[in-house]
Each structure stands twice: as structure tokens, then as C-alpha cells.
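Sequence positions, counted from 1, serve as the residue numbers for this chain.
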Amino acid sequence: MVPLLDLSQNECALLLELLERERADLHCEIRHTRFADVRDVLREKRCLVEALLNKIQQTSPEVSETQLDPL
């Protein structure tokens with residue numbers, strides 16, 4: 001088992017943003033992939049990304065409603 005990460009609110013928000021972007025990119029890749037085996041691998045990856053998104057949103061619902069602080 002992997003130990004829990006101790007992330008700040010900004011780090012969680014950034015992680016959510018990156019995962020959302022990856023999910024959108026995967027959607028496009030899946031649609032444009034011609035090979036079924038590659039498409040299956042991409043679908044599995046999308047499921048993992050969505051599971052991570054759900055876990056983060058469930059454990060830190062306030063993060064999904066906030067924006068990143070400007071640098």
C-alpha cells in the first residue's frame with residue numbers, strides 16, 4: 001500500500017486540473033486511435049484517471065471548488 005500524500009490545497013487543485021486535462025486528452029486520443037488494442041489501453045488509463053479524480057474530490061471536496069492561488 002502506498003502511503004497517503006500530504007498535499008496543500010494548491011497542490012490538490014493543481015493535481016485535479018492536470019488530471020482533468022489528461023482525461024480530456026485521453027478522450028480525444030481514444031476517438032482518433034485506429035487500433036483496438038491501443039484504444040483498450042487508453043480506456044484503461046482513462047478509468048484510472050477518473051478513479052483518481054473521484055478519490056481526490058471525495059477526500060477534499062473544498063479543493064474542487066477553489067481556484068489555484070496566483071503565483
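Contacts of Arg21 classified as side-chain hydrogen bond (donor to acceptor under 3.5 Å, both in side chains), with partners at least two apart in sequence or in another chain: Glu17. Among residues two or more places apart in sequence or in another chain, the side-chain contact (heavy atoms from CB on, under 4.5 Å) test is passed with Arg23 by Glu20, Arg46, Val49, Glu50, Leu53. Legend: residues meeting side-chain contact (heavy atoms from CB on, under 4.5 Å) with Leu15, ordered by chain and number and at least two apart, are Leu7, Leu19, Ile56. Every residue two or more places apart in sequence or in another chain was checked for a side-chain contact (heavy atoms from CB on, under 4.5 Å) with Val41, and none qualifies.
Both Leu26 and Val38 belong to a common hydrophobic cluster when Ile, Leu, Val, Met, Phe, Trp and Tyr are linked at side-chain heavy-atom distances under 4.5 angstrom.
One distance of note links CG of Leu18 with CG of Leu52; it measures 12.0 Å at 0.5 Å rounding. Within the model, atoms SG of Cys28 and CG of Leu42 stand 11.5 Å from one another, a figure rounded to the nearest 0.5 Å.
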Report the C-alpha distance between Glu11 and Leu14 in whole Å, list the side-chain angles of each, state the deciding distance to 0.1 Å, and finish with yes or no for side chain to side chain contact (heavy atoms under 4.5 Å, CB included).
-> CA-CA 5 Å; Glu11 290 169 331; Leu14 176 60; 5.8 Å; no
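Listed by first then second residue, pairs satisfying side-chain hydrogen bond (donor to acceptor under 3.5 Å, both in side chains) with a partner in residues 30-45 read Glu22-Lys45, not counting sequence neighbours.
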